[in-house]
Asker: 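Okay, here's the structure, questions in a sec.
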Amino acid sequence: MPGVRQNIFEDINVKSENKEIPELSKDIKNISGDSTCDYRQDSMNNIWRGDKKVFSGFATDSFVKNKQSPICEGGFIYTGLTTGEVIKLNSSTQQIVWVADVFRASNLMGGASVVDIVAHVGVDKNFVYAGGLGDSFCKLNKYSGDKIWCLNISVPVDFIMVDDYAFVVGTDNMLYAINTKSGNVYWKAEVKKQIKPGYDGTNITVGKQRINYKTGK
């Protein structure tokens with residue numbers, strides 16, 4: 001794929017610091033960009049605006065079925081592909097600004113071959129957050145695509161953010177509470193289902209499970 005490519009992933013062991021999260025606000029942060037975004041994405045890594053194709057990515061022979069859709073923010077488009085790539089496009093010129101590989105390199109060398117990004121990417125201020133099935137959850141610089149940090153977490157469902165914390169469910173059936181400034185995992189808790197977490201102002205909810213956001217208990 002053409003464009004400026006950033007090699008952003010390094011192996012990082014996911015270790016919980018067993019720290020308590022301080023008081024958070026009551027609302028989930030909006031990381032989904034412009035609600036009027038009229039771009040769509042198909043399973044072959046193409047992006048459309050109406051009936052006009054504005055981007056053609058490399059199609060993969062197999063892919064995990066999902067409802068990935070682009071995010072529009074500040075005149076640019078951000079999305080994840082089944083190839084494990086996150087891309088930024090200029091919506092005016094339809095040119096690629098950057099491409100970031102959000103997966104562990106070893107996954108293409110005898111490791112897991114599924115690197116799809118099935119969770120929606122998130123944009124918050126100067127950063128893009130993305131997680132894929134290639135053992136990665138990353139914070140990227142919105143302007144360059146450079147890595148700020150990456151964690152070895154395989155992400156099958158959408159994540160949420162509250163203040164400076166991301167709550168991410170992994171394929172290992174663990175819920176991770178991540179400080180987005182440092183990339184440190186404050187706590188992790190076992191969950192019964194791999195579904196998008198929720199937040200009620202006191203607890204992180206995963207299905208019927210209620211987990212205290214401060215302690216992970």
Asker: Using the side chain to side chain contact (heavy atoms under 4.5 Å, CB included) rule, take V118 and L133 through it: C-alpha gap first, then chi angles, then the decisive distance, then the call.
Answerer: CA-CA 7 Å; V118 295; L133 296 178; 4.3 Å; yes
Asker: Is it the case that the side chain of N18 and the backbone of W187 share a donor-acceptor pair, with hydrogens and angles ignored and the cut-off at 3.5 Å?
Answerer: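 Answer holds: no.
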Asker: Given side chains that start at C-beta, do those of W48 and V54 come closer than 4.5 Å, heavy atoms only?
Answerer: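 Side-chain contact under 4.5 Å: no.
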Asker: On the six-membered ring of F127, is K142 placed so that its NZ or CZ lies under 6.0 angstrom from the centre and within 45° of the ring axis?
Answerer: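 No cation-pi geometry.
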Asker: Does a side-chain heavy-atom distance below 4.5 Å link S56 with N45?
Answerer: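 Counting from C-beta outward, S56 and N45 never come under 4.5 Å.
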Asker: So, does T82 use its side chain to make a donor-acceptor pair with the main chain of D116 at under 3.5 Å?
Answerer: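 No, the answer is negative, given that no donor and acceptor are paired below the 3.5 Å cut-off.
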Asker: Let me confirm one number: the CZ-CZ distance from F167 to F159, rounded to the nearest 0.5 Å.
Answerer: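 Going from the CZ atom of F167 to the CZ atom of F159 covers 13.0 Å.
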Asker: Could you state whether F76 and L140 fall into the same hydrophobic cluster, counting links through intermediate Ile, Leu, Val, Met, Phe, Trp or Tyr residues with side-chain heavy atoms under 4.5 angstrom apart?
Answerer: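 Cluster IDs for F76 and L140 match.
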Asker: In Å and rounded to the nearest 0.5 Å, what is the NZ to NZ distance from K188 to K15?
Answerer: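 Here the rounded value is 10.5 Å.
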Asker: If you count every heavy atom of other residues, nucleotides or ligands that lies below 6.0 Å from E17 atom CD, does the total exceed 12?
Answerer: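 Yes, CD of E17 has more than 12 neighbouring heavy atoms, counting only those of other groups under 6.0 Å.
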Asker: Give, for atom CD1 of I153 and atom CG of D135, the distance between the pair rounded to the nearest 0.5 Å.
Answerer: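 Result: 10.0 Å between the selected atoms.
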Asker: Looking only at side-chain N and O atoms, does Q41 offer a donor or acceptor that is under 3.5 Å from a partner on S69?
Answerer: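 Absent: no donor and acceptor within the cut-off.
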Asker: Just how far is it from atom OG of S16 to atom CD1 of I178, taken to the nearest 0.5 Å?
Answerer: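 Between S16 OG and I178 CD1, I get 10.5 Å after rounding to 0.5 Å.
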Asker: Salt bridge or not for D200 and R210, using N-O below 4.0 Å?
Answerer: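 Yes, this pair counts.
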Asker: Salt-bridged, D124 to K29, with N to O below 4.0 Å?
Answerer: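 So D124 pairs with K29 through a salt bridge.
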Asker: Does T171 offer a backbone N or O that forms a donor-acceptor pair with the side chain of Q194 under 3.5 Å?
Answerer: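 Side chain of Q194 to backbone of T171, a donor-acceptor pair under 3.5 Å: yes, one is there.
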Asker: Can you check whether N203's main-chain N or O pairs, donor with acceptor, with N212's side chain at less than 3.5 Å?
Answerer: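 Answer holds: no.
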Asker: I'd like to know if the side chain of S91 reaches the main chain of G75, judged simply by a donor and an acceptor atom lying under 3.5 Å from each other, with no hydrogens or angles considered.
Answerer: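 It does hold such a pair.
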Asker: Check the orientation of W149 and F137. Use parallel for under 30°, tilted for 30 to 60°, and perpendicular for over 60°.
Answerer: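 Tilted, since the angle between the ring planes falls between 30° and 60°.
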Asker: Using the side chain to side chain contact (heavy atoms under 4.5 Å, CB included) rule, take Y165 and N179 through it: C-alpha gap first, then chi angles, then the decisive distance, then the call.
Answerer: CA-CA 5 Å; Y165 295 86; N179 182 309; 3.7 Å; yes
Asker: Is there a continuous path of hydrophobic side-chain contacts, each under 4.5 Å between heavy atoms, that joins V157 to M161?
Answerer: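 No; tracing contacts between hydrophobic side chains, which count when under 4.5 Å, never links both residues.
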Asker: Could you grab the distance from atom NZ of K181 to atom CG of N184, nearest 0.5 Å is fine?
Answerer: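 Those atoms lie 12.5 Å apart.
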Asker: Hydrophobic cluster membership, with links at side-chain heavy-atom distances under 4.5 Å among I/L/V/M/F/W/Y: are I31 and I204 in one?
Answerer: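 Result: no, two separate clusters.
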Asker: What is the ring orientation for Y78 with W98, classed by angle as parallel under 30°, tilted 30 to 60°, or perpendicular over 60°?
Answerer: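 Ring orientation of Y78 relative to W98: tilted.
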Asker: Calculate, to the nearest 0.5 Å, the distance between atoms CD1 and CG belonging to I160 and N30 respectively.
Answerer: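 It comes to 13.0 Å.
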Asker: Do the side-chain N and O atoms of D34 and T36 include a donor-acceptor pair separated by under 3.5 angstrom?
Answerer: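 T36 and D34 do have a side-chain donor-acceptor pair below 3.5 Å.
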Asker: Do I211 and M174 sit in one hydrophobic cluster, given that two such residues count as connected whenever their side-chain heavy atoms are within less than 4.5 Å of each other, even indirectly?
Answerer: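 No: no chain of side-chain contacts under 4.5 Å links I211 to M174.
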Asker: With no hydrogens and no angle check, is any side-chain donor or acceptor of T93 less than 3.5 Å from a backbone partner on Q95?
Answerer: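 Judged by distance alone, yes, a pair lies under 3.5 Å.
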